[in-house]
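Worksheet: one structure, shown below.
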Amino acid sequence: MGKEKQNLPSFKKILWLTVPAFSYVSENAESSLIDVRYVYKQCFDINLKIKTIIFILFSYIKIDWLFWGSWKNEIDMYDAIIVRDGMPTYIVNSIHKRWPDKKIIVYFGNIIRDSSQKQYLEFAKGITKYIFTFDYGDSQHYLIEYARMPFTYEVTRSKNQNESVYFFGRDKGRKTQINEIKNVLEQQGISVDFTIVENESQFQTYQEIFDRTSQSKAILEITEIRQNSFSLRVLEALFLQKKIITNNLEIKNTNFYMPNNIFIIGFDDVNLIKEWYNMPYQKIPDEIMYQYSLDCFGGKILKTLH
């Protein structure tokens, strides 16, 4: 971790701002290069939609900063501010207007596939030149920077372990394939815990999803059309030492690929999946795991900034 600082003599730190309900990054995530903070003070125990309306109104009359967390008093400690795609634009605009000289980094952790995400990309281009994506294909197509997605959550392993394969996510054109895999697994006597989100009543916070992941034996990752890079699901499995079932053939070329841990649909023999499921998990070396850490990600970002 110290190597990143030695290569960056003018380095301060990076501030990663997030909101708890949709956060894929924890305030407790450990990094010497990046501090994670929630945008707002955690003192609003009200409905999320009402809270959003209130903050938009406060942003419009330019007093929303009064409700920002203590990070606003420590802003001079940081070289730059990271926000994920999907961070409300009124928040990003307010921060940019208050500190116009601060470098804003927008990181896309989703495929830029529909009109709303393309609009967000245009919004990002209007406030910063530092735009990154987790997907190598998108980086080439949209001419933005590629940065491997880091694992950004505190690792806590549940004591309540089960033998199921876990999936939670929206359809995104994957429903048929997910159900086909569900049928194969059940026919092989493997328990599944799949939820394809179709309405708001099924919504769960990331903490709830992460807890269920921690309890399972394996996770299912089904990539979207045109997705080249692996998703956050894979990183969760790596850091929680869970098995992975995926349709991403490119995962075979990663440095963490181990046949005992990863079953590739379309490459491995589906008739042997139960045998694979019962194989012991192979621990991945620490030096490989570091490459997917928040510190390693921070080093990549800082080198781009400087």
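Quick note: numbers below take in every heavy atom, side chains included, and nothing from hydrogens, waters or symmetry partners. Every value quoted in this text rests on a predicted model; they were computed, and no experiment measured them. Just so you know, residue 1 is the first one in the sequence shown, and it goes up from there.
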**Fill in**
ring-ring contact (aromatic ring centres under 6.0 Å, His included) with Tyr292: of Phe256, Phe134, Phe239, only one passes, and it is Phe256
**Message:** Please find the pair of heavy atoms, one from Ala237 and one from Ile244, that lie closest to each other, and give the distance.
**Reply:** CB-CG1, 3.4 Å
**Message:** So does Ser191 get a backbone contact from the side chain of Lys217, meaning a donor-acceptor N/O pair under 3.5 Å?
**Reply:** no
**Short side-chain donor-acceptor distance under 3.5 Å, Asp135 and Tyr142** = no
**Asked** If two hydrophobic side chains count as joined below 4.5 Å and joins carry through other members, does Ile209 share a cluster with Leu240?
**Response** no
**Asked** Excluding sequence neighbours, so at least two apart, what forms side-chain contact (heavy atoms from CB on, under 4.5 Å) with Arg113?
**Response** Ile111, Gln117, Lys172, Glu224, Arg226
**Message:** Using modelled atom types and a 3.5 Å cut-off, is there a donor and acceptor pairing between side-chain atoms of Lys300 and backbone atoms of Tyr146?
**Reply:** yes
**Request:** Using only heavy-atom distances, determine whether the side chains of Ser293 and Asp295 contain a donor-acceptor pair under 3.5 Å.
**Result:** no
**Prompt:** What pair of heavy atoms forms the shortest contact from Asp35 to Met77, and how long is it?
**Reply:** OD2-CE, 4.3 Å
**Residue that, paired with Val165, satisfies side-chain contact (heavy atoms from CB on, under 4.5 Å) out of Ile190, Ile273, Asp193** = Ile190
**Asked** Are the side chain of Thr128 and the backbone N or O of Ala124 linked by a donor-acceptor pair below 3.5 Å?
**Response** no
**Prompt:** To the nearest 0.5 Å, how far apart are OH in Tyr277 and CG in Asn260?
**Reply:** 14.0 Å
**Message:** Is the shortest side-chain heavy-atom distance between Lys243 and Trp276 below 4.5 Å?
**Reply:** yes
**Message:** Set out, in order, the CA-CA distance, both residues' side-chain angles and the distance that settles side chain to side chain contact (heavy atoms under 4.5 Å, CB included) for Val270 and Ile265, then state yes or no.
**Reply:** CA-CA 7 Å; Val270 72; Ile265 300 163; over 6 Å; no
**Message:** Starting from Val192, can I reach Leu220 by hopping between I/L/V/M/F/W/Y residues whose side chains sit under 4.5 Å apart?
**Reply:** yes
**Message:** Give me each pair satisfying salt bridge (charged side-chain N to carboxylate O under 4.0 Å, His left out) with a member in residues 120-134, each pair once, sequence neighbours excluded.
**Reply:** Glu122-Lys125
**Asked** To the nearest 0.5 Å, what is the distance between CG (Leu17) and OH (Tyr40)?
**Response** 10.5 Å
**Request:** Taking atom types as modelled, find out whether Thr246 and Asn248 have a side-chain donor-acceptor pair closer than 3.5 angstrom.
**Result:** no
**Prompt:** Do Val92 and Tyr120 touch side chain to side chain, with heavy atoms closer than 4.5 Å?
**Reply:** yes
**Asked** Between Asp171 and Ile196, is there a donor-acceptor pair closer than 3.5 Å when you use the side chain of the first and the backbone of the second?
**Response** no
**Complete:** CD1 of Ile284 to CE of Met289, rounded to nearest 0.5 Å, is 5.5 Å
**Complete:** Interatomic distance, CG@Asn261 vs NZ@Lys283, rounded to 0.5 Å, equals 11.5 Å
**Message:** Is the shortest side-chain heavy-atom distance between Ile34 and Ile301 below 4.5 Å?
**Reply:** no
**Asked** Which distance, rounded to the nearest 0.5 Å, do you find between the CZ of Phe132 and the CZ of Phe108?
**Response** 12.5 Å
**Steps toward side chain to side chain contact (heavy atoms under 4.5 Å, CB included) verdict (Thr254, Val234)** = CA-CA 12 Å; Thr254 62; Val234 170; over 6 Å; no
**Request:** Please tell me if the side chains of Thr18 and Arg84 come closer than 4.5 Å, counting only heavy atoms from C-beta onward.
**Result:** no
**Message:** Classify the ring geometry of Tyr107 against Trp16: parallel below 30°, tilted from 30° to 60°, perpendicular beyond 60°.
**Reply:** perpendicular
**Item:** Sub-6.0 Å ring centroid separation between Trp99 and Tyr78
**Value:** no
**Message:** Assigning hydrophobic clusters by single linkage (Ile, Leu, Val, Met, Phe, Trp, Tyr; side-chain heavy-atom cutoff under 4.5 Å), is Leu33 placed with Leu294?
**Reply:** yes
**Complete:** In short, Asp85 meets Gly109 closest at the heavy-atom pair OD1-N, 2.9 Å
**Prompt:** For Val197, does its backbone N or O pair with a side-chain atom of Thr195 as donor and acceptor, under 3.5 Å?
**Reply:** no
**Request:** Give a yes or no on whether the backbone of Ile75 and the side-chain of Lys102 come within a donor-acceptor separation of less than 3.5 Å.
**Result:** yes
**Prompt:** Are any of the side-chain heavy atoms of Ile181 and Ile222 separated by less than 4.5 Å?
**Reply:** yes
**Spacing of OG1 belonging to Thr133 relative to CD1 belonging to Ile112, to within rounding of 0.5 Å** = 5.0 Å
**Message:** Working note: Phe151 + Glu236, criterion side chain to side chain contact (heavy atoms under 4.5 Å, CB included); need CA distance, chi angles, decisive distance, verdict.
**Reply:** CA-CA 7 Å; Phe151 182 74; Glu236 292 164 354; 4.2 Å; yes
**Item:** Evaluation steps, side chain to side chain contact (heavy atoms under 4.5 Å, CB included), between Phe267 and Ile251
**Value:** CA-CA 11 Å; Phe267 175 78; Ile251 206 167; over 6 Å; no
**Message:** Please determine whether residues Phe123 and Ile104 belong to a single hydrophobic cluster, defined as Ile, Leu, Val, Met, Phe, Trp and Tyr linked transitively by side-chain heavy-atom distances below 4.5 Å.
**Reply:** yes
**Request:** Answer yes if Ile262 and Met258 sit in the same cluster of Ile, Leu, Val, Met, Phe, Trp and Tyr residues linked by side chain heavy atoms under 4.5 Å apart, and no otherwise.
**Result:** yes
**Prompt:** Do you know the tightest heavy-atom contact between Ser214 and Lys242?
**Reply:** O-NZ, 2.8 Å
**Asked** Is Trp68 close to Ile95 at the side-chain level, that is, under 4.5 Å between some pair of heavy atoms?
**Response** yes
**Prompt:** For Gln140, what residues pass the side-chain contact (heavy atoms from CB on, under 4.5 Å) criterion, not counting sequence neighbours?
**Reply:** Tyr136
